[in-house]
There are 2 protein chains.
Amino acid sequence: MFDFLKNFYMSKRHVSLKTLAQTLNVSMSTVSRALRNHPDIGPEVTRKVQELARELQYTPNPLAIGLLKDRSSTIGVIVPDLVTYFFSSIISGIESMANEHGYHIVIRCSYESYEKEKECLQDLLRLRVDGIVMCLAQETQDYAHFDTVLKSETPLVFFDRVCRPDEVATVVVDNQEAARRITRHFFESGYRRIAHIAGPAQLNITRERIEGYKQGLAECNLPFDTDLLVHCDLSIASATAATQRLLALSSPPDAIFGVNDTTAFAAMKEIKRQHLRIPQDIGLVGFTDEFHATVVEPTLTSVMHPTYEMGREAALLFLAQVDAKVAITPSQSVLTTQLVVRESSSMIPVE
Amino acid sequence: MFDFLKNFYMSKRHVSLKTLAQTLNVSMSTVSRALRNHPDIGPEVTRKVQELARELQYTPNPLAIGLLKDRSSTIGVIVPDLVTYFFSSIISGIESMANEHGYHIVIRCSYESYEKEKECLQDLLRLRVDGIVMCLAQETQDYAHFDTVLKSETPLVFFDRVCRPDEVATVVVDNQEAARRITRHFFESGYRRIAHIAGPAQLNITRERIEGYKQGLAECNLPFDTDLLVHCDLSIASATAATQRLLALSSPPDAIFGVNDTTAFAAMKEIKRQHLRIPQDIGLVGFTDEFHATVVEPTLTSVMHPTYEMGREAALLFLAQVDAKVAITPSQSVLTTQLVVRESSSMIPVE
DNA sequence: AAGCTTTGTGCAAAGCCTTGCGGAAGTATT
DNA sequence: AATACTTCCGCAAGGCTTTGCACAAAGCTT
C-alpha cells in the first residue's frame, strides 16, 4: 500500500516519528500515542499509523529515548583480558542475561593494568552506561577510582576479584571451601607434602585460596610449611619459575595445587621436563577448569567454575540495583564450585 | 573555588551544559563554544567556563551528540560464539582498534543460529550502531537479511566466514594457500594418504580449504581420493565420527588435516583411543593455532591465524567506510597465515 | 559626532521522543 | 436550545548539544 513511500523514505538513514507524522498528516504526538495503543487515539488512526510504521520499519531512536529517560540501556563490562576462556565465558553469561532484559553490553579491556582500568571506567561513565560489571585488574591495589562511580550512583558489580564489598555488589566463588577440598582430596589420595602456587597477594582470590589451603592442611593434621607456599603473578613464566623453586627444595612436594589452570599447565610442563611422572611422583590440581583441562595429558583435576552462571549472576545483581528505586545494601553472591577429579591427582588412574 | 557548588551539582546524576550556563549566568551556547576554545568567546569567560567544567567534571552527553550528528560512536559486533579463543581474540583486536578511534563496541552472540543472527542484526540496527563487524553463523545459508543493512548504508564488515563479497568488505586468511601448504608439508614429511576433515559445505572457509587441499595433492602428484574427504559440522562429536569413518576405511589415511583445531583435537583423541601413534602411524595438522595446540601431547602442528590482527583489520575496514564520504567498493583483505610445525606431523620429533 | 568594523554573546532551530494540558468537534442530557 | 460530557488530537516543553545568524557594545575612522 505504501510502497511508493517506502522507496522514498528508505533513502533517508532512519525513519522517525516525524516522517510518519508528515506522511499521514497528523502530529508527532498522535503517532507516538497510536504506536503504543493509547486509548486517546481513534482506532482508524491507530491502525493507519501502525501499518505505516510496519511498512517503513520504524523503530524508535534509542538515543532520543536515552536522552529523555536519562538511561542508555547499556551495561559497561570491563575485563582484565578478553581472550582467556574464564573471562570470555563470563562475558557470554553477562551478554545473555543482559539481552534478556533489553540491555546491550559494551566491552572494555583493562589488560590487567591499573591505569587502563581507570581509563575504561571513565570512558564508560562518559558514555552514560546504566551500570558497570567488572573484574579488577591484577595491578589494581588502590580503589579510590571507584568513588566517582559510587557517587554518580551508577550500579556497580564486581565478579571474581573484588574490593570494597560493603559498598559494591559482588559475585565470587567459594574459594576457601574449594581450596580446602583440594587439599583434603590430595590427602585422601595419599599425598603428604602438598604445595600451593598462589597468585598475587593483593587479590582476594589469592588470600581466600591460601586460607582454604591452610584450613585443609590443619584438618588433615599436616603441618603448614612456608617453603611449600610460593607466589606467582599468573603469567606462564612466573608459574614455571615457581614450580622450579618447589621442585628444587631439599624436601620437594609430592603434590601441587595451582591457583588457576594456567599456572597448573605451566607446572605440568615443568614437571614433565624434569622427567617426573604425574600423578605418581607429583599430584597436580588446577582451578577454573578451562577446556584445556580435558585435553592435556594427563588430564587435569580442577575446580569447575560456573563461569557462565557467574556472568549471569553478575548481570542479575546489576538488574537488582536498577530495579531497586532506593539505594539498597549491595548483595554478595557466592557460587559453589565442584572439584572434578581427573588423572593428574589420582594414584589410581581414572577412566 | 567552586567547592560549594560541586557538592550541590554532584547530587545530580550528570552535569550538563545547562548546569554550567546557569551557574555562570551565561548562555549554553557560550559555554559550548568556550569549551572548544572558539575564538568568538572572550579569554576571561573561556577560562572561567573551562575551570568550572573541570571542577564539576563535565563531559558532554554522547546521547545528545549522537542525536545531533546521527551517529552513536558504536560498532556492533556479532560472533557465532563468544567463548572460543578464535573469536575472543578477534574481538580483542576489534576492541583495541575501535577504542583507538573513539568507538565503543557492543557485542552480540548468534550462537551459530541463523534466526539469532537475524535478531542480533535487527537489534543492533535499532540501536543505531555506526557499523557492524561480524562473522556469519554456521547455520546461515540465506543472505537476504543483509539487504536491510546495506540499504541503511550502515558499514558492514565480515571476517573469516563471508558472503556477498562484492557488496560487503571482508577480512579472510589465505585459506587455500594454507591448505595447499599443509598438504605439501605432509607429503614432504613422507605421508602419502592424506585425508581432510572439512567443515560445513556452505562456508567459504570450507570450500577454500578443500580447494587448497586438492591443489596440494595435485602438485605432489597424489590422486584425489573422495574417501579421504569427509565433512563435519565443527562439533567435537561430529569430528570424532568423521575420524572414525576415516580410520575404518579399508585403506585408511596416514595423515589427517582438520579444518580447525577443535576438529584436530577430537581426531587426536580418537586416534589415541584406537592406540595409533601420532605422528608415526598418523600425521595430524590443525588450523587456527589455539593456545591448546602447544599443550596437547603430541603438540599439534597448526596454521597460525593472526586473529588479533584480523580483528584490527576488520575494524579498520569499518573505519575506512566511515571516512569515505562517498560509497566505495568494499575492499577485500586477505591476511597471510603461517604453518607452525610441531610434533604431530613430523616423523622426526621436533624440539 | 556619525558611521563602520570588531568583539563577544545570545536566540533559536534541529535532531527524536514522551506527556501534561488545552481545545475542537461531536454526542447526549435536561 | 443550551449545557455537559466524550472522543480525539495538537501544542509545547523538556532532555542535551551544536551552530548559523542576529544583535549589542565598544572601538575606530573620517
Side-chain angles (χ1 to χ4, degrees), chain A residues 9 11-50 52-53 56-74 102 125-130 152, chain B residues 9 12-50 52-53 56-74 102 125-130 152-153:
Chain A
Y9 287 118
S11 64
K12 273 197 58 177
R13 202 153 142 47
H14 293 293
V15 177
S16 73
L17 273 193
K18 198 178 195 173
T19 317
L20 301 182
Q22 289 176 343
T23 307
L24 295 174
N25 270 316
V26 293
S27 75
M28 287 168 56
S29 20
T30 301
V31 176
S32 173
R33 280 188 260 254
L35 288 175
R36 12 179 84 242
N37 288 308
H38 195 287
D40 268 9
I41 306 300
E44 180 60 15
V45 176
T46 300
R47 196 188 53 71
K48 263 184 162 162
V49 168
Q50 294 190 352
L52 183 65
L56 264 45
Q57 301 197 45
Y58 165 81
T59 56
N61 187 327
L63 275 62
I65 297 189
L67 201 52
L68 196 65
K69 302 264 167 83
D70 194 23
R71 62 176 164 77
S72 58
S73 294
T74 281
L125 286 181
R126 258 200 285 279
L127 194 65
R128 310 300 206 251
V129 292
D130 293 344
S152 74
Chain B
Y9 287 118
K12 273 196 60 176
R13 201 152 143 48
H14 294 294
V15 178
S16 73
L17 274 192
K18 198 177 195 174
T19 318
L20 301 182
Q22 289 176 343
T23 307
L24 295 174
N25 269 316
V26 293
S27 74
M28 287 166 56
S29 20
T30 299
V31 175
S32 172
R33 280 187 262 254
L35 288 175
R36 13 181 82 239
N37 287 308
H38 195 288
D40 268 9
I41 306 300
E44 180 58 16
V45 177
T46 301
R47 196 188 54 72
K48 261 182 162 163
V49 169
Q50 295 190 353
L52 182 64
L56 264 45
Q57 301 197 47
Y58 165 81
T59 56
N61 188 326
L63 275 64
I65 297 188
L67 202 53
L68 197 65
K69 301 263 168 82
D70 195 22
R71 62 177 166 75
S72 57
S73 295
T74 282
L125 286 181
R126 258 200 284 280
L127 194 64
R128 309 302 204 250
V129 294
D130 293 345
S152 75
E153 288 175 43

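First the proteins, then the strands, lettered A, B, ... as listed; each starts at 1.
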Trainee: Could you check whether B:Arg33 gets within reach of a base, just the sugar-phosphate, or nothing at all, counting any heavy atom under 4.0 Å?
Mentor: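 Base, at least one base atom sits under 4.0 Å.
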
Trainee: Could you check whether any side-chain heavy atom of A:Asn37 comes within less than 4.5 Å of a side-chain heavy atom of A:Gln50, counting everything from C-beta outward?
Mentor: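 Counting from C-beta outward, A:Asn37 and A:Gln50 do come under 4.5 Å.
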
Trainee: Between B:Thr59 and A:Arg128, is there a side-chain donor-acceptor contact under 3.5 Å, judged purely by atom types and distance?
Mentor: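 The answer is yes; a qualifying pair exists.
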
Trainee: Could you give the CZ-to-P distance, from B:Arg71 to D:dC16, as a whole number of Å?
Mentor: 19 Å

Trainee: Should B:Lys69 be listed as having a side-chain N or O under 4.0 Å from OP1 or OP2 of D:dT18?
Mentor: no

Trainee: Could you tell me how far apart B:Leu67 (CG) and C:dT18 (P) are, to the nearest whole angstrom?
Mentor: 12 Å

Trainee: Can a donor-acceptor pair under 3.5 Å be found between the side-chain atoms of B:Ser27 and the base atoms of C:dC11?
Mentor: no

Trainee: Assess whether one donor atom and one acceptor atom, taken from the side chain of A:Ser29 and the base of C:dC17, lie less than 3.5 Å apart.
Mentor: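 Such a pair does not exist between side chain and base.
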
Trainee: Rounding to 10 degrees, work out the angle separating the end axes of the helix from C:dA1-D:dT30 to C:dT30-D:dA1 (five pairs an end).
Mentor: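 Answer rounded to 10°: the end axes differ by 80°.
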
Trainee: Please tell me if B:Tyr58 has a side-chain N or O lying less than 4.0 Å from either OP1 or OP2 of D:dT17.
Mentor: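 Checking B:Tyr58 against D:dT17: at least one side-chain N or O falls below 4.0 Å of OP1 or OP2.
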
Trainee: For B:Pro60 versus B:Ile65, what's the shortest heavy-atom pair and its separation?
Mentor: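 Between these two residues, the closest heavy atoms are CB-CD1, 3.8 Å.
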
Trainee: Taking only the side-chain heavy atoms of B:Ala64 (C-beta and beyond), determine which of C:dC17, D:dC16, D:dT19 contains the nearest atom.
Mentor: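 Output: D:dC16.
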
Trainee: Of all the nucleotides listed (D:dT19, C:dC16, D:dC16), which has the minimum atom distance to the side chain of A:Asn61?
Mentor: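 Between D:dT19, C:dC16, D:dC16, the one nearest the side chain of A:Asn61 would be C:dC16.
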
Trainee: Starting at atom CG of B:Leu63, determine the distance to atom P of D:dT17, rounded to an integer number of angstrom.
Mentor: 10 Å

Trainee: Heavy atoms only: give me the nearest A:Ser27-A:Ala21 pair and the separation to one decimal.
Mentor: C-CB, 3.8 Å

Trainee: Taking 4.0 Å as the cut-off, does a side-chain nitrogen or oxygen of B:Ser32 come that near to OP1 or OP2 on D:dT17?
Mentor: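 So the side chain of B:Ser32 is outside the cut-off, no N or O lying under 4.0 Å from OP1 or OP2 of D:dT17.
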
Trainee: What is the separation between atom CG on B:Leu20 and atom P on C:dT9, rounded to the nearest whole Å?
Mentor: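 Taking atom P of C:dT9 as the reference, CG of B:Leu20 is at 16 Å.
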
Trainee: Would you mind reading off the distance between B:Asp70 atom CG and D:dC16 atom C1', rounded to a whole angstrom?
Mentor: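 Atom CG in B:Asp70 sits about 16 Å away from atom C1' in D:dC16.
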
Trainee: Are the side chains of A:Arg71 and A:Ser73 in touch, meaning some heavy atoms are under 4.5 Å apart?
Mentor: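 A side-chain contact under 4.5 Å exists here.
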
Trainee: Rounded to whole angstrom units, what separation is found between the CE atom of B:Met28 and the P atom of C:dT9?
Mentor: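 For the pair B:Met28 CE and C:dT9 P, the rounded distance is 17 Å.
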
Trainee: What is the distance, rounded to the nearest whole Å, between atom CG of A:Leu17 and atom P of D:dC9?
Mentor: 16 Å

Trainee: Output the single nucleotide from C:dC16, D:dT19, D:dC16 whose closest atom is nearest the side chain of A:Ser16.
Mentor: C:dC16

Trainee: Determine whether B:Tyr58 and B:Thr19 make a side-chain contact, defined as any pair of heavy atoms from C-beta on separated by less than 4.5 Å.
Mentor: no

Trainee: For A:Ser72 versus A:Asp130, what's the shortest heavy-atom pair and its separation?
Mentor: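 Shortest heavy-atom contact: N-OD1, 2.9 Å.
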
Trainee: Return the minimal non-hydrogen interatomic distance between B:Ala53 and B:Leu20, and the atom names on each side.
Mentor: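 Distance-wise, the nearest heavy atoms are CB-CD1, 4.1 Å.
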
Trainee: So, taking the atom named CG in B:Leu63 and the one named CG in A:Leu127, what distance separates them when rounded to the nearest 0.5 Å?
Mentor: 8.0 Å

Trainee: Can you sort out which residues in residues 38-47 of chain A have a heavy atom within less than 4.0 Å of DNA chain C? Ascending by number, please.
Mentor: none

Trainee: At their closest point, which heavy atom of A:Ser32 faces which heavy atom of A:Leu17, and how far apart are they?
Mentor: CB-CD1, 3.9 Å

Trainee: Which whole-number value in Å describes the distance from B:Leu68 CG to C:dC16 C1'?
Mentor: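 One finds 11 Å between C1' of C:dC16 and CG of B:Leu68, rounded.
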
